[in-house]
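Fair warning: this is a prediction, and the values are worked out from it, not measured in the lab.
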Amino acid sequence: MKRFFKTTAALAGMVSVAVILFTAIPASAQQSIPQGAKILIKAYPNFIKGYENGYLLMSDGTKMLYDDRRQKSFEQKLDDADPEDMFAFKYDRKSWTPEYLQDAGRSRCEQLFKKMYGASAAEVSRNLVSVPWAGGKVQFTKINGAADSLRAVAKELEKHPELRSYLKSSGTFYWRKVRGANRQSAHSYGMTIDIAVAKSDYWLWKNPGKKETEKIVYANRFPKELVLIFEKHGFIWGGRWYHYDTMHFEFRPEILMANP
């Protein structure tokens with residue numbers, strides 16, 4: 001009987017210690033952090049320092065809701081994206097023909113992008129720097145190392161004279177809405193470059209009058225080697241979207257991290 005009480009007391013003590021140890025751990029450490037939130041913290045450490053109770057913890061002391069829990073249509077994930085929606089689509093780096101409605105990167109949480117790059121043309125402009133590009137210069141944001149990444153692309157492309165005819169810039173920073181939509185273009189944030197418009201293909205040019213969820217015919221004339229160099233340095237390519245835009249390269253390291 002004494003042995004029974006001793007064993008019972010010991011078990012009770014172990015449970016008490018376990019309870020104390022568990023409750024001593026901060027709530028932020030106890031919870032499960034969504035994979036997308038982990039990726040955003042890693043991709044943008046200067047702006048996002050953690051995650052707690054459904055919110056991204058920003059470096060300026062503010063919080064941003066990660067997932068609004070709403071069931072959204074394809075168009076809503078583009079027009080009204082939260083940070084979680086940015087990971088809703090597949091960026092397939094193993095195939096050169098995108099699957100139906102797989103447009104990873106077209107969803108951008110405007111609250112997050114404006115927090116990082118600027119909420120107006122004037123704010124974005126303050127962080128633009130000149131980057132040497134194909135014998136000239138382009139304006140690109142220095143935020144998140146985007147300009148440094150474009151410099152790395154340009155330096156590597158110098159070793160490939162066969163790709164030079166694709167490098168003429170068709171535009172970088174331009175504060176505007178996406179054509180036919182009520183959301184900011186990626187060009188608004190100064191982290192996107194369009195090149196070789198004369199050799200590019202855009203889904204609406206090839207499929208006039210088609211709506212976002214209708215089936216379309218894919219087209220591309222850009223060489224794979226060019227795309228791989230951009231992706232190596234943190235840029236996604238609009239040609240990997242079902243709604244393709246082959247001239248379009250956008251600095252989005254989180255999309256590449258989520259789709260290795």
Heavy atoms from other residues, nucleotides or ligands near CG of Asn182 exceed 12 (cutoff 6.0 Å)
no

Once you round to the nearest 0.5 Å, how far does CG of Asp201 lie from OG1 of Thr246?
4.5 Å

Taking the side chain as every heavy atom from C-beta outward, state whether Leu256 and Ile236 have any atom pair closer than 4.5 Å.
yes

From Ser149 OG over to His233 NE2, what is the distance, rounded to the nearest 0.5 angstrom?
8.0 Å

Using a strict 4.0 Å threshold on nitrogen-to-oxygen distance, state whether Asp79 and Arg183 make a salt bridge.
yes

Atom of Arg93, atom of Pro260 and distance for their closest heavy-atom approach:
NH1-CA, 3.6 Å

Between Lys94 and Asp92, is the closest basic N to carboxylate O distance under 4.0 Å?
no

Measure across Pro34 and Tyr51 and return the closest heavy-atom pair with its distance rounded to 0.1 Å.
CD-CZ, 3.4 Å

So among Met64, Gln111, Arg108, which one has a side-chain contact (heavy atoms from CB on, under 4.5 Å) with Pro83?
Met64

Which atom pair, heavy atoms only, marks the closest approach of Lys210 to Trp203?
O-CZ3, 3.7 Å

Can you tell me how far the NE2 atom of His243 sits from the CZ atom of Arg106, to the nearest 0.5 Å?
5.5 Å

Apply side-chain hydrogen bond (donor to acceptor under 3.5 Å, both in side chains) to the pair Lys199 and Ser165, showing each step before the final yes or no.
CA-CA 9 Å; Lys199 299 184 178 185; Ser165 64; 2.7 Å; yes

Separation between CG (Leu101) and NZ (Lys215), nearest 0.5 Å, reads 8.5 Å

Are Tyr218 and Tyr244 an aromatic pair, judged by ring center distance below 6.0 Å?
yes

Check Cys109 against Met86 and note the closest heavy-atom contact, atom names and distance.
N-SD, 3.5 Å

Taking the side chain as everything from C-beta on, heavy atoms only, tell me whether Lys49 gets closer than 4.5 Å to Ile41.
no

Is NZ or CZ of Lys114 both nearer than 6.0 Å to the six-membered ring centre of Tyr189 and within 45° of the ring axis?
no

Kindly list each side-chain donor-acceptor pair under 3.5 angstrom involving residues 168-176, sequence neighbours excluded, with atom names and distances?
residue: Ser169; atom: OG; partner: Gly171; partner atom: N; Å: 3.1
residue: Ser170; atom: OG; partner: Val197; partner atom: N; Å: 3.4
residue: Thr172; atom: OG1; partner: Gln139; partner atom: O; Å: 2.8

If you look at every heavy atom in Arg221 and Tyr166, which pair is closest and at what distance?
O-OH, 3.4 Å

Stepwise side-chain contact (heavy atoms from CB on, under 4.5 Å) test for Gln35 and Phe87
CA-CA 9 Å; Gln35 183 63 18; Phe87 301 98; over 6 Å; no

Other residues, nucleotides and ligands only: do more than 12 of their heavy atoms fall within 6.0 Å of NZ on Lys177?
yes

Can you confirm whether Val131 sits close enough to Lys137 that some side-chain heavy atom of one is under 4.5 Å from a side-chain heavy atom of the other?
no

Check: Met58 main-chain N/O paired with Thr62 side-chain donor or acceptor under 3.5 Å
no

Pairing donors with acceptors under 3.5 angstrom, does anything connect the side chains of Glu254 and Tyr44?
yes

I'd like to know whether Asp82 forms a salt bridge (Lys or Arg N to Asp or Glu O under 4.0 Å) with Lys72, so could you lay out the CA-CA distance, the side-chain angles of the two residues, the decisive distance to 0.1 Å, and finally the verdict.
CA-CA 11 Å; Asp82 59 29; Lys72 298 176 184 175; 3.6 Å; yes

Donor-acceptor under 3.5 Å (Ser59 side chain, Asn46 main chain)
yes

I'd like to know if the side chain of Arg252 reaches the main chain of Gly105, judged simply by a donor and an acceptor atom lying under 3.5 Å from each other, with no hydrogens or angles considered.
yes

Is Trp241 reaching over with its side chain to a backbone N or O of Ala104, donor-acceptor style, under 3.5 angstrom?
yes

Closest non-hydrogen contact found for Pro98 with Gly239 is CG-O, 3.7 Å

Cation-pi check for Trp133 against Arg151: NZ or CZ below 6.0 Å from the six-membered ring centre and within 45 degrees of the axis, yes or no?
no

Check Lys115 with Glu110, please: is the shortest side-chain N to carboxylate O separation under 4.0 Å?
no

What's the separation between atom NZ in Lys155 and atom CD1 in Ile229, rounded to the nearest 0.5 Å?
14.0 Å

Connected via hydrophobic side-chain network under 4.5 Å: Val178 and Tyr202
no

I'd like to check Glu156 versus Lys232 (side-chain heavy atoms, cut-off strictly below 4.5 Å). Are they in contact?
yes

Atom CZ in Phe89, atom CD in Glu99: separation rounded to 0.5 Å?
13.0 Å

Close side-chain approach of Leu128 and Lys142, heavy atoms under 4.5 Å
no

Check: Phe249 main-chain N/O paired with Asp194 side-chain donor or acceptor under 3.5 Å
no

Report yes if the side chains of Tyr100 and Thr213 come closer than 4.5 Å at any heavy-atom pair, otherwise no.
yes

Are any side-chain N or O atoms of Asp103 and backbone N or O atoms of Tyr242, one a donor and one an acceptor, separated by less than 3.5 Å?
yes

For Leu65, which fellow cluster members are found when Ile, Leu, Val, Met, Phe, Trp and Tyr are connected by side-chain heavy-atom distances below 4.5 angstrom, either directly or through intermediates?
Tyr55

Cluster check Tyr66, Leu57: I/L/V/M/F/W/Y, side chain < 4.5 angstrom
no

Give the C-alpha distance, both sets of side-chain angles, the deciding distance and a yes or no for side-chain contact (heavy atoms from CB on, under 4.5 Å) between Leu226 and Leu157.
CA-CA 8 Å; Leu226 175 61; Leu157 285 172; 3.7 Å; yes

We want to know whether His187 and Glu250 form a side-chain donor-acceptor pair, criterion being a heavy-atom distance below 3.5 angstrom.
no

Can you check whether Tyr117 reaches Asn144 side chain to side chain, under 4.5 Å on heavy atoms?
yes

Lys211 backbone acceptor or donor facing Glu214 side chain under 3.5 Å:
yes

Whether the side chain of Glu231 engages the backbone of Leu228 through a donor-acceptor N/O pair (distance < 3.5 Å, no angle test) should be reported.
no

Give a yes or no answer on whether the side chain of Ser188 reaches the backbone of Gln184 with a donor-acceptor pair at less than 3.5 Å.
no

What about Phe235 and His248, are their ring centers closer than 6.0 Å?
no

Under 4.5 Å between any side-chain heavy atoms of Leu150 and Phe251, yes or no?
no

